[in-house]
Amino acid sequence: MIKYQQQFCLSLLTNCKTLKSFKQIHAQVLKKGLDADPFVAGKLLLHCSINLSDSLNYAYRLFNYTPNPDVFMYNTLIRGLVESENPQNSSCIFTHMLRYSHSPPDSFSFAFVLKGAANFGCLETGFQLHCQALKRGFNTHIFVGTTIISMYAECRNVGFSRKVFDEMPQRNVVSWNAILTAYFRCDDLKGAEGVFYLMPFRDLTSKNVMLAAYVKAGKVDLAKELFLGMLVKDDVSWSTMILGLAHNGCYDEAFDYFRELQRLGRTPNEVSLTGVLSACAQSGALEFGKLIHGFVEKSGLVFISSVNNALLDVYSKCGTLDLARSVFERMPGKKSAVSWTSMITGLAMQGYGEGAIRLFNEMKESGVRPDGITFIAILKACSHAGLIEEGHEIFSKMTKEYGINPTIEHYGCMVDLYGRAGQLQKAYDFVVQMPIPPTAIIWRTLLGACSFFEDVDLAELVKERLTETDPNNSGDHVLLSNIYALAGKQNNVVLVRKSMAKLKMKKTPGWSVIDKV
DNA sequence: GTACAGCACC
């Protein structure tokens, strides 16, 4: 009888898609007293921590109300937490297991919790887990060993990955692919190539990882050579190439590969679509983008958020803000920081500074947390629209309220902001007190502003700094392009000669063009 | 009853 009831409750789970219906099943289980059955309890926990979305809190409570959770229950909760927003919680449960559980962790526990450390990217946690695995003899388990390799790679430590790989008592194609991927993740092309040619067996995954390593390193020709030599190609091979070509500025080739994919009768997946749309956005291919949009609508892929974001980006970058807005408004589900950022970028590029700030405020009100790239977009909006105070305030809030450390690009936006407003000394002082060393781009931005506002003394100083940063760069081309612009605008060769003399510049090959003005 | 490797939007 008990067996029958157990079977009945478990069969109900098969069609259970929502937390609401799950709670009803749980109520039935409690009513029949089946919650004491470890098998039923385990299945319930598995369902709400893995199969249902947004039910992790309930899984947590379910776990807490279980007097003596078995190893399966611990593993299941850890597994659910690994893929959650805070994967670091998975190691807390693991620690709890070490301290309080009657049953010690097994190979599954290690595989899951190590993946959590990888997702969290915390070397210290990963290292401690590795030690635990060693202590308990799980390091020789092939699944655990392979996960340790990936964990170290995610923590940017491919040297440790290699050491673990070298010491593995047995290896399969998955462990070989894991060490290959480790080099790829850590941007070590030579290491990846070394492994690839040393591998005793290569499957489709190995080749796809190698393709990804080539395109990531900008070696488009090597990627194409490998791709053409592959007898079997899957969706990942195609999408790696299309996205890789788009990221390396080979837009026409990205379009060609996409057309070829369609000609072969394959359905492009979301990665190929985002790749080809990224090529459209960067090259300004609005019409091709619209064509892809039509395809996306027709094939029912319009619900994929990455594709929607890529479409939005095409319309934003091409300056068709009404179309961008309509994609943005009609987006299914909650808009992510990426969607908001794309829309803000579009407004910023068209010079709608206030509009961009309004949207940025709307974003915050809707509860979406801006990331570092959102701040680049909004700071650009401020500098293009001359909103100095606003830009300044947003920059300080970025660190204080959002805990985002400014990167060189954020600093670049600020230099541009002050520079465009003619606050040259402020811009210079800002650069000098930056906690990270200024790059040539920073100095060139400032130099452009100095020449625009004809501050010769500061321009001289900035030129010196620029040459110190990059000995091959005198900054003359920045000054020249400004002077050429001046010549073109004012058609005034005397002014040009005067500007060049003031900036103590020599005649250059371009000089003859100005002579003719 | 559970697991290891691949492409991913701003």
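The model shown is predicted, which means the values in this text are computed figures rather than measured ones. Within every chain, numbering begins at 1; the chains are lettered A, B, ... in the order of the sequence lines, protein sequences first and strands thereafter.
As rounded to whole Å, 8 Å separates atom P of B:dC4 from atom CZ of A:Arg79. Nucleotide B:dG6 holds its C1' atom 11 Å from the CE atom of A:Met199, rounded to whole Å. Going from atom CD of A:Glu409 over to atom P of B:dC10 covers 13 Å, rounded to whole Å. What separates CD1 of A:Ile304 from P of B:dC9 is a distance of 14 Å, to the nearest Å. For the pair A:Tyr315 OH and B:dC9 C1', the interatomic distance rounds to 16 Å; values are reported in whole Å. What separates NZ of A:Lys43 from C1' of B:dT2 is a distance of 9 Å, to the nearest Å. Remark: P of B:dC9 and CZ of A:Phe328 are 19 Å apart, rounded to the nearest angstrom. The distance between atom CZ of A:Arg266 and atom C1' of B:dC7, rounded to the nearest whole Å, is 14 Å.
Note on A:His47: nothing from the nucleic acid sits closer than 4.0 angstrom, heavy atoms only. Among the protein residues, A:Lys216 comes within range of no part of the nucleic acid, since none of its heavy atoms lies under 4.0 Å from any strand. The residue A:Ser150 sits close only to the backbone: its heavy atoms come under 4.0 Å of sugar-phosphate atoms, none of a base. A:Asp235 comes within 4.0 angstrom of no nucleic acid atom, judged by non-hydrogen atoms across all strands. Nucleic acid contact class of A:Thr240 (heavy atoms, under 4.0 Å, all strands): sugar-phosphate only. As judged by a 4.0 angstrom heavy-atom cut-off over every strand, A:Val209 is placed among residues touching the sugar-phosphate backbone only. A:Asn75 comes within 4.0 angstrom of a base, heavy atoms only. Within the 4.0 angstrom heavy-atom criterion, only backbone atoms of the sugar-phosphate kind lie near A:Leu243; the bases stay farther away.
Relative to the ring axis of A:Tyr402, A:Arg369 does not place its NZ or CZ within 45° and under 6.0 Å from the centre.
A:Phe110 contributes atom CZ, which lies 10.5 Å from atom NE2 of A:His130 (distance to the nearest 0.5 angstrom). Expressed to the nearest 0.5 Å, how far CG of A:Leu387 lies from CG of A:Leu417 amounts to 8.5 Å.
By the 4.0 Å N-to-carboxylate-O rule, A:Lys163 lies too far from A:Asp166 to be salt-bridged with it. A salt bridge links A:Arg156 with A:Asp187; the closest basic N to acidic carboxylate O contact falls under 4.0 Å.
Evaluation of atom-type donor-acceptor distances gives no pair under 3.5 Å for the side chain of A:Thr274 against the base of B:dC9. In the interface, the side chain of A:Ser342 is not paired with the base of B:dC10 through any donor and acceptor atom under 3.5 Å apart.
Contact annotation: A:Arg185 side-chain N/O to B:dA5 OP1/OP2 distance is not under 4.0 Å.
Ring geometry for A:Tyr58 against A:His26 counts as perpendicular: the plane angle is over 60°, on a 0 to 90° scale with 30° as the lower cut. Below 30°, between 30° and 60°, or above 60°: for A:His47 and A:Phe22 the angle between ring planes is below 30°, a parallel geometry.
Scanning for ring-ring contact (aromatic ring centres under 6.0 Å, His included) contacts around A:Phe165 gives A:Trp176, with sequence neighbours left out. Under the ring-ring contact (aromatic ring centres under 6.0 Å, His included) criterion, A:His384 pairs with no residue at all, not counting sequence neighbours.
The side chain of A:Thr181 sits closest to B:dG6 out of B:dC4, B:dG6, B:dC10. Comparing B:dG1, B:dA3, B:dG6 against the side chain of A:Phe143 picks out B:dA3 as the nearest. Counting only heavy atoms from C-beta on, A:Val338 has its side chain closest to B:dC9 among B:dG1, B:dC9, B:dA5. Nearest to the side-chain atoms of A:Lys317 among the listed nucleotides B:dG6, B:dC10, B:dC4 stands B:dC10.
B:dA5 has no stacking from A:Trp176 on its base ring, since the centres under 5.5 angstrom apart and planes within 30 degrees of parallel are not both found.
Contacts with DNA chain B (heavy atom under 4.0 Å) in residues 106-119 of chain A: A:Asp106, A:Ser107, A:Phe108, A:Ala111, A:Phe112, A:Lys115, listed by number.
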